[in-house]
2 protein chains.
Amino acid sequence: MADRARRPTLADVARLAGTSTAVVSYVLNDGPRAVAPQTKAKVEQAIAELGYRRNPLASALMAGRSNLVGLLVPDSSNAFFSELAREFEREGKARGFLTLIGNTAYDPAVELDYERAFADLRPRGIFVTSITGDAESLDGCPRIYVHSAPAGASDPCVLFDDVGGGIAATRHLIGQGYEDIHCIAGPDDFGPSGKRERGWQKAMSEAGLTTEGRLHRVSFERLGAENALRPLLAKPGRPRAIFATTDEQALAALRAAAEARLTVPKDIAIVGFDGIREALNGSSRLTTFALPLAELARRAFEVLDGWNAADNPSHIIAGALQRGETS
Amino acid sequence: MADRARRPTLADVARLAGTSTAVVSYVLNDGPRAVAPQTKAKVEQAIAELGYRRNPLASALMAGRSNLVGLLVPDSSNAFFSELAREFEREGKARGFLTLIGNTAYDPAVELDYERAFADLRPRGIFVTSITGDAESLDGCPRIYVHSAPAGASDPCVLFDDVGGGIAATRHLIGQGYEDIHCIAGPDDFGPSGKRERGWQKAMSEAGLTTEGRLHRVSFERLGAENALRPLLAKPGRPRAIFATTDEQALAALRAAAEARLTVPKDIAIVGFDGIREALNGSSRLTTFALPLAELARRAFEVLDGWNAADNPSHIIAGALQRGETS
DNA sequence: CTGTTAGCGCTTTCAA
DNA sequence: TTGAAAGCGCTAACAG
């Protein structure tokens, strides 16, 4: 029976191959110095024989950086963030990184805590969908804001065109002939939801329509939103059309509408935002402004690739309205 | 301007406190040796002054184990696994661990790959919802199967009572007077879905009901399942009641029923399994056998706590039927 | 082309 | 109670 946790080391490989640890390292890393084909063969033979695997902790300690990346989201069990996280993990894996995941639970203190704990592991970078107003330096660990960033962020951002999306969604409803278009937004006007809300406002005022009394601040969470929307849809002067800043809220509106015995889109039209799978393929196909999450992940990793001590590019990614059954 | 990535080390702290690195380490770890209160104060002062943070890579290299845990799931963007992952991350954080996440995409080769890559980081343990038939040793890295395990697993398992749940769900339908109860199962009879299917079979035969021609193998994925179920529900001899082995499939059945203009539960009753949020709080509240994911996570970490080189306990966790609007 | 060796930052003997 | 020093496993100068 083998020793429970004893794994072969570089030195073991070198010994078996009859060479030095340096050479083994050169073979493993294909550099920085060349190795004679014969020696190389012997080393590879020894590696295979011992089933050697490099200890990434030692490499990382030496190099000052690990093969990890961190991802911080508010709530990875929320459909949107879980789909986002999946894309980051996929893209990271394709590039040889392992992904650390952290849920900030919409709490800035937790976000900070996690940023520090991740940064301590000297990851290649940390992707943050931030819910914080400002941020501290991570001592040289690259931080890239994705999907959501603090206002005057000094770190690079890869964001969606939330304002443009809000405009497009609203214009779509206006184009259908609706005028009484209400906006279901988040609890405050921060972050992506706030920008989508401003897009709605812009499109409305461009069309000469008032937003007065048509903005509703509700929870991002399905049940909370539904409870808040029920009375709105039950009363006589109910909206004829709704732009919800997230699909989660649009789905809540859909349910509230069903409870109020309203037919969608005849009695009320609903447009969402995000393009989560449940919206696109759920029991009612929502009209929604869909976001390309795979592209978000790709672009974010590209920023990491080209990381530069001085300054780094930010990106805005476009989405597209997906016409469903609700508008 | 400070050097970009230069962080203070133990040696810096020791120098500033006018003591040795050993003593600083004793203070940091509150052991293994005692330190004079005065010295301790000076060290703590120096730590605060420098903003020192321990390098966990160095600690882990030394100790042979890190502050990480790994979690492998087939698809973390699937609602069930995303809720499961969230609970593991939460529980891990509460215990001071950082969580690595990996998606196996239902591919045994990827599962193996990830297990090895995670194990290389010397994590405290790896939690696996396995889709593989068998597994290799991880060289001393604890592996705990959660929710789904290979048949003759030699590693400890924390599982749900899938057979019991299948029985309970089926008996519930039988209790409602249904006899023509069909089972919507996964593509094969492996894993949790297979056990739930066997529960259905058991309850049916106990009640003297036939399962002949009433088992349907469909995809776990919403759209695939829906496509497969549409013809089943459209034809004249359609089932009067359905037990779906996952909520995802139950939701697909619900949608197919709606398309076939069937009223639930009048025309057809549907019972799901898992208790994902969309099932419990979605646009139709599903009757479903709900699983306590937080308890799964807690029990899994407890097994890790009590890890024993020789053998480790396995656990079976009970679920409970949640009555919704669909039965 | 290859071997020796000095660390990366931390923990823990061993000696004082 | 403390300090010096030997590693954990790997990388990369430096010197052959």
Side-chain angles (χ1 to χ4, degrees), chain A residues 3-44 46-47 50-67 119-123 139-141, chain B residues 3-44 46-47 50-67 119-123 139-141:
Chain A
D3 189 16
R4 186 168 149 288
R6 168 68 181 162
R7 293 171 171 227
T9 72
L10 254 198
D12 296 325
V13 175
R15 205 170 305 123
L16 183 59
T19 181
S20 71
T21 59
V23 168
V24 178
S25 173
Y26 299 153
V27 171
L28 278 175
N29 303 321
D30 201 19
R33 312 221 77 79
V35 175
Q38 257 195 8
T39 325
K40 187 170 174 176
K42 273 198 295 200
V43 169
E44 281 166 345
I47 287 177
L50 293 172
Y52 169 80
R53 310 205 91 215
R54 184 209 310 263
N55 182 335
L57 293 172
S59 297
L61 176 60
M62 188 65 212
R65 62 182 204 173
S66 61
N67 60 338
D120 286 344
L121 285 163
R122 309 297 191 272
D139 279 313
C141 171
Chain B
D3 190 16
R4 187 166 146 289
R6 168 68 181 159
R7 292 171 171 228
T9 71
L10 253 198
D12 296 325
V13 174
R15 206 170 306 122
L16 182 60
T19 180
S20 71
T21 60
V23 169
V24 177
S25 173
Y26 299 153
V27 171
L28 278 175
N29 302 322
D30 200 19
R33 312 220 76 79
V35 174
Q38 256 195 7
T39 324
K40 187 170 175 180
K42 273 199 295 201
V43 168
E44 280 166 345
I47 288 176
L50 293 172
Y52 170 81
R53 310 205 91 216
R54 184 207 314 260
N55 182 334
L57 294 171
S59 297
L61 175 60
M62 189 65 211
R65 64 181 202 173
S66 60
N67 60 337
D120 286 344
L121 285 162
R122 311 295 192 271
D139 278 313
C141 171

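Lettering follows sequence order; numbering is per chain, from 1.
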Terminal axes of the helix from dC1(C)-dG16(D) to dA16(C)-dT1(D) (5 end pairs apiece), angle rounded to 10 degrees, sit apart by 50°
To the nearest angstrom, how far is [X] atom [atom1] from [N] atom [atom2]?
X      : N       : atom1 : atom2 : value
N67(A) : dT11(D) : CG    : P     : 12 Å
Q38(A) : dT2(C)  : CD    : P     : 9 Å
R33(A) : dG3(C)  : CZ    : P     : 14 Å
L57(B) : dT11(C) : CG    : C1'   : 15 Å
N55(B) : dC8(C)  : CG    : P     : 12 Å
Y26(A) : dA12(D) : OH    : C1'   : 6 Å
R54(A) : dA12(D) : CZ    : C1'   : 14 Å
R6(B)  : dC8(C)  : CZ    : P     : 8 Å

Is the phosphate of [N] approached by [X] (side-chain N or O, under 4.0 Å from OP1 or OP2)?
X      : N       : answer
S20(B) : dG3(D)  : yes
S25(B) : dT11(C) : yes
T19(B) : dG3(D)  : yes
T9(B)  : dC8(C)  : no

Identify, between A11(B) and V23(A), the residue whose nearest nucleotide on DNA chain C lies closer to the 5' end.
V23(A)
Closest approach of V23(B) to V35(B) (non-hydrogen atoms, all atoms of both residues):
CG1-CG1, 3.9 Å
Between R122(A) and G64(A), which heavy-atom pair has the shortest distance, and what is it?
CB-O, 3.4 Å
Checking side-chain contact (heavy atoms from CB on, under 4.5 Å) for the pair T9(B)/N55(B): CA distance, chi angles, key distance, verdict?
CA-CA 8 Å; T9(B) 71; N55(B) 182 334; over 6 Å; no
Evaluate the side-chain proximity of D30(A) to K40(A): yes if any heavy-atom separation is below 4.5 Å, no if none is.
yes
Is there side-chain contact between Y52(B) and V24(B), with heavy atoms separated by less than 4.5 Å?
no
With a 4.0 Å cut-off on heavy atoms, is V35(B) in touch with a base, just the backbone sugar-phosphate, or nothing at all?
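Result for V35(B) = sugar-phosphate.
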What contact category does A36(B) fall into here, base, sugar-phosphate, or nothing, at under 4.0 angstrom with non-hydrogen atoms?
sugar-phosphate
State which of [options] makes the closest approach to the side chain of [X].
X      : options                  : result
S59(B) : dC1(C), dC10(C), dG3(C)  : dC10(C)
A22(B) : dC8(D), dG3(C), dA5(D)   : dA5(D)
T39(B) : dC10(C), dT1(D), dC10(D) : dT1(D)

When the nearest nucleotide of DNA chain D is assigned to A34(B) and to A58(B) on a heavy-atom basis, which residue is associated with the more 5' position?
A34(B)
With DNA chain D as reference, determine whether L61(A) or K40(B) sits nearer its 5' end, using the nearest nucleotide of each.
K40(B)
Quick one: do V27(A) and T39(A) satisfy side-chain contact (heavy atoms from CB on, under 4.5 Å)? Show the steps, please.
CA-CA 9 Å; V27(A) 171; T39(A) 325; over 6 Å; no
Would you find a donor on one side and an acceptor on the other, under 3.5 Å apart, between the side chain of T21(B) and the backbone of A11(B)?
no
Is a donor on one side and an acceptor on the other found under 3.5 Å between the side chain of S66(B) and the backbone of A60(B)?
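Not a single qualifying donor-acceptor pair exists.
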